[in-house]
Protein chains: 2
Amino acid sequence: MEKIDIADLYRKSGTLEGKTVTVCGWVRTIRDSKALGFIDLNDGSGFKGVQIVFEDGKIGNYKEVARLNVGTAVSVTGTVVLTPQAKQPLEIHAAELCVEGASTPDYPLQKKRHSLEYLRTVAHLRPRTNTFSAAFRIRSAAAYAIHTFFQERGFVYVHTPLITGSDAEGAGEMFTVTAFDLDRLPRRENGAVDFSKDFFGGHTSLTVSGQLEAECMAMAFGKVYTFGPTFRAERSYTQRHAAEFWMIEPEVAFADLDDNMALAQDMIRSVIRAVMEKCPDDLAFCNQFIDKGLLDRLNHVANSDFARVTYSDAIEILKKENGRFDYQVEWGSDLQTEHERYLTEQVFKKPVFVTDYPKEIKAFYMRLNDDGKTVAAVDLLVPGIGEIIGGSQREERLDVLERRLRETGMNEDAYRWYLDLRRYGGAKHSGYGLGFERLVMYLTGISNIRDVIPFPRTTGSAEF
Amino acid sequence: MEKIDIADLYRKSGTLEGKTVTVCGWVRTIRDSKALGFIDLNDGSGFKGVQIVFEDGKIGNYKEVARLNVGTAVSVTGTVVLTPQAKQPLEIHAAELCVEGASTPDYPLQKKRHSLEYLRTVAHLRPRTNTFSAAFRIRSAAAYAIHTFFQERGFVYVHTPLITGSDAEGAGEMFTVTAFDLDRLPRRENGAVDFSKDFFGGHTSLTVSGQLEAECMAMAFGKVYTFGPTFRAERSYTQRHAAEFWMIEPEVAFADLDDNMALAQDMIRSVIRAVMEKCPDDLAFCNQFIDKGLLDRLNHVANSDFARVTYSDAIEILKKENGRFDYQVEWGSDLQTEHERYLTEQVFKKPVFVTDYPKEIKAFYMRLNDDGKTVAAVDLLVPGIGEIIGGSQREERLDVLERRLRETGMNEDAYRWYLDLRRYGGAKHSGYGLGFERLVMYLTGISNIRDVIPFPRTTGSAEF
């Protein structure tokens with residue numbers, strides 16, 4: 001007997017009436033009267049479980065089954081019975097019910113609402129709950145939608161290195177990667193650690209971005225994207241920061257800032273539509289139990305053009321409202337989350353691209369505008385989250401880039417290969433970085449990044 | 001004028017005759033006579049470039065263009081002219097030719113054959129060569145084919161952690177990840193490094209496998225797969241080992257070793273077919289210049305059932321041929337690459353699954369067979385490479401698993417959560433790991449792993 005996913009059972013329900021099928025999954029709830037019992041069986045293939053009806057005499061082990069604990073793994077062979085009058089469209093009347101793996105009365109996920117904090121302590125089991133089951137299916141669907149979006153448009157997927165000998169943009173603290181035994185470090189004569197003896201022959205770190213390497217690839221393939229993990233060693237206890245997270249970084253040759261924004265808008269809208277089509281039940285659950293406005297917001301975003309405002313104009317708007325902010329803004333200051341959210345939630349009421357930031361608060365590689373003061377940077381702000389994308393047109397002019405490297409105090413020698421891209425057939429090009437976890441938070445309404453990553457790595461915690 | 005990818009130009013050639021198009025790319029070759037010139041322009045969208053015809057009088061900057069160096073980035077607007085009598089099906093007669101970024105006479109990729117060793121020293125430019133352009137497009141197509149294979153079959157894509165507090169299987173050396181300044185390490189009273197003060201509150205490493213976490217997810221979603229980076233800190237100078245590489249690890253609940261082999265065979269064949277369909281020109285190049293037998297082999301594998309042999313039977317076969325091996329085999333010894341390749345290339349002449357290895361040479365989590373001596377492990381060996389997949393049915397019996405942990409000297413406490421999966425609704429389950437770079441080597445015929453990774457990390461080298 002071929003087994004069938006419960007999701008397929010619903011998909012093909014019309015053709016299955018009276019057919020014998022086998023399903024395998026875990027007992028979510030079980031109840032019985034004398035000779036008749038019901039199991040809500042879930043196999044994770046979709047949000048919905050299937051009702052198993054088991055009856056004494058119809059199965060040989062009624063007593064054993066009636067005593068099963070929540071969480072037990074079972075395989076069930078039985079007849080599909082359509083139930084158009086009931087809430088669920090079908091149920092399975094068991095002819096055979098095998099216990100694959102028992103559970104215990106103290107199974108940590110009893111049928112009651114658990115706090116998200118408690119569930120983080122059982123991260124190995126929480127994917128079996130409604131919330132996390134939905135969140136991680138949405139995460140998977142979103143990841144695939146991103147690949148599909150770029151692949152269908154002719155982008156080449158590139159794997160940029162995780163271990164790096166250089167600091168990509170001077171952005172943030174990096175983790176050191178070493179094969180040394182830290183209790184037995186080789187030292188130079190002056191007492192300093194001798195990294196030339198380490199595995200790679202020098203000091204190495206975990207990357208904070210694949211952008212610079214992606215630029216190399218864009219100068220060969222025209223359109224590329226990365227999708228891989230990045231790291232920040234910043235001690236942070238906020239709901240929005242993890243030490244390990246996944247980023248998507250498209251990079252496009254012969255593209256300017258406008259092209260960059262058009263691509264970002266296309267991508268976000270395309271991913272939302274794909275997830276709405278693939279995971280309607282999961283989203284409905286999130287809409288009902290996590291964030292009441294979720295579906296309205298996603299529908300709205302999938303069908304509207306994003307707003308655009310320059311940083312300078314945004315500052316003028318915000319300055320009038322300085323009274324409501326913890327941090328006062330003025331031209332030259334970085335936008336805080338409170339400002340970002342005010343812009344997107346109160347002013348524009350939809351996603352908004354903020355462009356042309358002061359060069360002092362952005363990275364050296366962003367293209368200098370003709371005013372000499374701002375760079376062709378763009379951040380995308382979305383309601384409920386704030387910044388979800390940061391990007392720019394890159395500086396393609398060798399002399400300007402060399403000057404910016406010096407101005408910002410970077411080690412020019414470490415960027416020799418990066419400068420080569422401007423020496424040999426450079427071209428105008430643009431790209432951005434999308435924080436994947438931020439996107440999943442946006443798609444689910446989940447407010448803590450720890451709850452959209454299966455096994456989150458945050459300050460003080462690398463469990464499981 | 002919307003620009004068009006050169007790959008799309010060929011795809012839509014029938015509809016483009018006489019149309020005006022804009023293409024952007026890099027000059028691969030350029031030649032001219034007095035008033036007429038030809039550029040082979042490549043934009044990386046596919047293997048083939050397009051011939052640009054430029055003529056004095058037709059473009060305003062003929063002299064400038066005629067002097068361009070190889071590697072220059074240009075944008076060209078011109079008319080599509082079909083050339084059914086020529087080798088290439090069409091060419092573009094330029095009306096406007098803009099230099100986007102100049103190159104120099106000493107451009108490191110002159111039109112001649114460069115050694116792969118030389119090209120590794122210019123890893124930031126080598127994607128612009130035929131070999132690496134083909135290899136990385138095939139890499140991208142293969143990655144997407146893997147996602148598509150699993151997503152279409154209802155698998156949930158899971159991101160398992162890169163930074164880990166535990167040693168997944170006692171398999172191989174691990175890199176330490178730390179936020180410490182190694183010149184100022186905090187120490188305990190006994191002089192040992194005090195890892196409790198490190199970022200995560202304990203010693204952490206880079207993962208060697210996401211399998212154990214994938215098992216957690218399989219016990220919730222039934223069918224899951226990972227696709228992410230893994231690491232080995234083993235000093236190795238072979239052609240087949242990198243310190244950082246990508247792995248695909250599917251894990252399936254209610255699946256035994258036979259199901260596991262069926263899935264692996266399906267996946268390999270499906271990926272080969274997808275890449276043959278997506279990248280015919282790239283594969284044709286590899287077949288002509290890298291590995292003459294490539295296409296025959298891929299065709300053969302895509303259409304044949306893989307062989308199966310138990311380890312014990314394989315040893316009997318190999319023992320008869322011990323004379324030809326550097327390492328003699330006997331029952332209990334691990335298979336070396338020479339043995340693996342002999343089996344798949346000489347004996348079976350196709351991919352072969354070797355199953356049921358002695359428990360002593362396999363990991364603690366593999367399911368103990370009834371003979372008490374072997375485990376339900378499986379390796380897939382392929383011609384030209386040797387082992388490409390390693391997998392097993394996992395030990396789902398709590399008591400047996402606890403005994404195996406003790407026998408193999410693992411720290412039982414670190415696997416508490418892993419044992420929980422057997423306490424609460426455990427089920428028979430299986431999975432495997434596919435080394436992605438090995439697969440790309442197999443698909444391209446490229447024999448050095450350094451040449452299928454954009455920026456390889458190997459012993460002594462983490463450049464770019």
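Since this is a predicted model, take the numbers as computed values, not measurements. Proteins get letters first, then strands, A, B, ... in listed order; numbering begins at 1 in each.
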J.: Side chains of A:Tyr424 and B:Thr72: is there a donor and an acceptor less than 3.5 Å apart?
T.: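 Result is no, nothing qualifies.
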J.: What part of A:Leu185 gets within 4.5 angstrom of chain B, counting heavy atoms only: side chain, backbone, both, or neither?
T.: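 Just its side chain gets close to chain B.
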J.: Among B:Ala218, B:Ala7, B:Pro229, single out the residue with the greatest number of heavy-atom pairs under 4.5 Å to chain A.
T.: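 Greatest number of close heavy-atom pairs with chain A: B:Pro229.
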J.: Can you say whether B:Ile163 sits under 4.5 Å from chain A via the side chain, the backbone, both, or neither, judging by heavy atoms?
T.: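 Both backbone and side chain.
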J.: With chain B as the partner, which of A:His203, A:Lys428, A:Met217, A:Met219 has the greatest number of non-hydrogen pairs under 4.5 Å?
T.: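 Of the options given, most contacts go to A:Met219.
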J.: Against chain B, work out which of A:Gly71, A:Ala427, A:Cys24 has the most heavy-atom pairs shorter than 4.5 Å and name it.
T.: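 Highest number of pairs under 4.5 Å: A:Cys24.
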J.: Counting heavy-atom pairs closer than 4.5 Å to chain B, which one of A:Phe175, A:Tyr157, A:Phe231 comes out on top?
T.: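 If we count pairs closer than 4.5 Å to chain B, A:Phe175 comes out on top.
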J.: Looking at A:Glu100, A:Glu213, A:Arg423, which makes the most heavy-atom pairs under 4.5 Å with chain B?
T.: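 Option with the greatest count: A:Glu213.
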J.: Could you tell me which portion of A:Asp198 (side chain, backbone, both or neither) has an atom closer than 4.5 angstrom to a non-hydrogen atom of chain B?
T.: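 The answer is the backbone of A:Asp198.
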J.: Please state whether the side chain, the backbone, both or neither of A:Ser461 comes within less than 4.5 Å of a heavy atom of chain B.
T.: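 Looking at A:Ser461, just its backbone touches chain B.
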J.: Let's test your reading of the structure: which of A:Asp8, A:Thr176, A:Asp106, A:Ile453 forms the most heavy-atom pairs below 4.5 Å with chain B?
T.: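 Most pairs with chain B among the choices: A:Thr176.
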J.: So which atom in B:Thr204 and which in A:Ala462 form the shortest heavy-atom distance, rounded to 0.1 Å?
T.: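 The answer is CG2-CB, 3.9 Å.
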J.: Side chain from CB out, backbone as N, CA, C, O: work out which of these in A:Pro161 comes under 4.5 Å of a heavy atom of chain B, or both, or neither.
T.: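 Both parts, backbone and side chain.
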J.: Checking heavy atoms, do the side chain of A:Leu125, its backbone, both or neither come under 4.5 Å from chain B?
T.: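 When you check distances to chain B, only side chain atoms of A:Leu125 fall under 4.5 Å.
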J.: Give a yes or no on whether the ring-centroid distance for A:Phe221 and B:Trp26 is below 6.0 angstrom.
T.: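 Centroid separation for A:Phe221 and B:Trp26: 6.0 Å or greater.
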J.: Check the pair A:Phe195, B:Leu182 against side chain to side chain contact (heavy atoms under 4.5 Å, CB included), reporting the backbone distance first and the verdict last.
T.: CA-CA 10 Å; A:Phe195 284 104; B:Leu182 297 202; 3.8 Å; yes
J.: Backbone N or O of B:Ala220 within a donor-acceptor pair of the A:Arg128 side chain at under 3.5 Å?
T.: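 No; zero donor-acceptor contacts below 3.5 Å.
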J.: Among B:Asp420, B:Asp181, B:Thr459, B:Leu162, which has the most heavy-atom pairs under 4.5 Å with chain A?
T.: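 The answer is B:Leu162.
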J.: A:Gly425 and B:Ala73: which non-hydrogen atoms are nearest, and at how many Å?
T.: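 Smallest heavy-atom distance, with atoms named: O-CB, 3.5 Å.
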J.: Check side-chain hydrogen bond (donor to acceptor under 3.5 Å, both in side chains) between A:Lys278 and all other residues, then give those that pass, not counting sequence neighbours.
T.: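 So A:Lys278 forms a side-chain hydrogen bond (donor to acceptor under 3.5 Å, both in side chains) with B:Gln151.
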J.: Would you say the ring centers of B:Phe436 and A:His159 fall short of 6.0 Å from each other?
T.: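 Ring centroids of B:Phe436 and A:His159 are less than 6.0 Å from each other.
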J.: Among B:Pro456, B:Gly191, B:Pro108, B:Ser196, which residue has the highest count of heavy-atom pairs closer than 4.5 Å to chain A?
T.: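 Ranked by contacts with chain A, first place is B:Pro108.
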J.: Heavy-atom distance under 4.5 Å to chain B: side chain of A:Thr458, backbone, both or neither?
T.: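 Just its backbone gets close to chain B.
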J.: My understanding is that only residues two or more places apart in sequence, or in another chain, count here; which of them pass ring-ring contact (aromatic ring centres under 6.0 Å, His included) with B:Tyr418?
T.: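 In terms of ring-ring contact (aromatic ring centres under 6.0 Å, His included), with neighbours along the sequence ignored, B:Tyr418 is linked to no residue.
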J.: Of the backbone (N, CA, C, O) and the side chain (C-beta and beyond), which part of A:Arg187 lies under 4.5 Å from a heavy atom of chain B, both, or neither?
T.: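 Only the side chain of A:Arg187 comes within 4.5 Å of chain B.
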J.: Heavy-atom distances under 4.5 Å only: say whether A:Glu244 touches chain B with side chain, backbone, both or neither.
T.: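 Interface part for A:Glu244: side chain.
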J.: Give, as side chain, backbone, both or neither, the part of A:Thr178 having an atom under 4.5 angstrom from any heavy atom of chain B.
T.: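 When you check distances to chain B, atoms from both the backbone and side chain of A:Thr178 fall under 4.5 Å.
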J.: Ignoring hydrogens, what is the shortest heavy-atom contact between B:Phe254 and A:Gly25? Give both atom names and the distance.
T.: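 Looking at all heavy atoms of both residues, the closest pair is CZ-N, 3.6 Å.
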J.: Going through the distances and angles, do A:Ser140 and B:Phe155 end up as a side chain to side chain contact (heavy atoms under 4.5 Å, CB included)?
T.: CA-CA 9 Å; A:Ser140 170; B:Phe155 283 65; over 6 Å; no
J.: For chain A, which of B:Cys216, B:Gly201, B:Ser205, B:Ala243 has the most heavy-atom pairs under 4.5 Å?
T.: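 Counting heavy-atom pairs under 4.5 Å, the top option is B:Cys216.
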J.: Evaluate the criterion side chain to side chain contact (heavy atoms under 4.5 Å, CB included) for residue pair B:Val122 and A:Trp417; output intermediate values, then yes/no.
T.: CA-CA 8 Å; B:Val122 288; A:Trp417 59 272; over 6 Å; no
J.: Just so I understand: if I count every heavy-atom pair under 4.5 Å between each of B:Asn42, B:Val27, B:Thr104 and chain A, which residue has the most?
T.: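 Looking at each of B:Asn42, B:Val27, B:Thr104 in turn, B:Thr104 comes out on top.
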J.: Checking heavy atoms, do the side chain of B:Val74, its backbone, both or neither come under 4.5 Å from chain A?
T.: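 Just its backbone gets close to chain A.
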J.: Tell me, side chain or backbone of A:Thr148 under 4.5 Å from chain B's heavy atoms, or both, or neither?
T.: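 Contact with chain B involves both backbone and side-chain atoms of A:Thr148.
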J.: What part of A:Phe150 is in contact with chain B, defined as an atom under 4.5 angstrom from a non-hydrogen atom: side chain, backbone, both or neither?
T.: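 Answer is neither: A:Phe150 stays 4.5 Å or more from chain B.
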J.: Any side-chain heavy atom of B:Tyr144 sitting closer than 4.5 Å to one from A:Tyr144?
T.: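 A side-chain contact exists here, since the closest heavy-atom pair is under 4.5 Å.
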J.: A:Glu463, A:Arg137, A:Arg139: which one forms the most heavy-atom pairs within less than 4.5 Å of chain B?
T.: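 Counting heavy-atom pairs under 4.5 Å, the top option is A:Arg139.
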J.: Mind listing the closest non-hydrogen atom pair of A:Lys197 and B:Arg235 along with its distance?
T.: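 What the structure gives for the nearest pair is O-NH2, 3.4 Å.
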J.: Is it the backbone or the side chain of A:Val224 that comes under 4.5 Å from a heavy atom of chain B, or both, or neither?
T.: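 No part of it gets close to chain B.
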J.: Using non-hydrogen atoms and a 4.5 Å limit, figure out which bit of A:Ala414 sits close to chain B: side chain, backbone, both or neither.
T.: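 It is neither, since no heavy atom gets under 4.5 Å.
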J.: Out of B:Ser133, B:Gly228, B:Ala141, which one racks up the most heavy-atom pairs below 4.5 Å with chain A?
T.: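 Top count of heavy-atom pairs under 4.5 Å with chain A: B:Ser133.
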J.: With only heavy atoms counted, which part of A:Asp5 is less than 4.5 Å from chain B, the side chain, the backbone, both or neither?
T.: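 Only the side chain of A:Asp5 comes within 4.5 Å of chain B.
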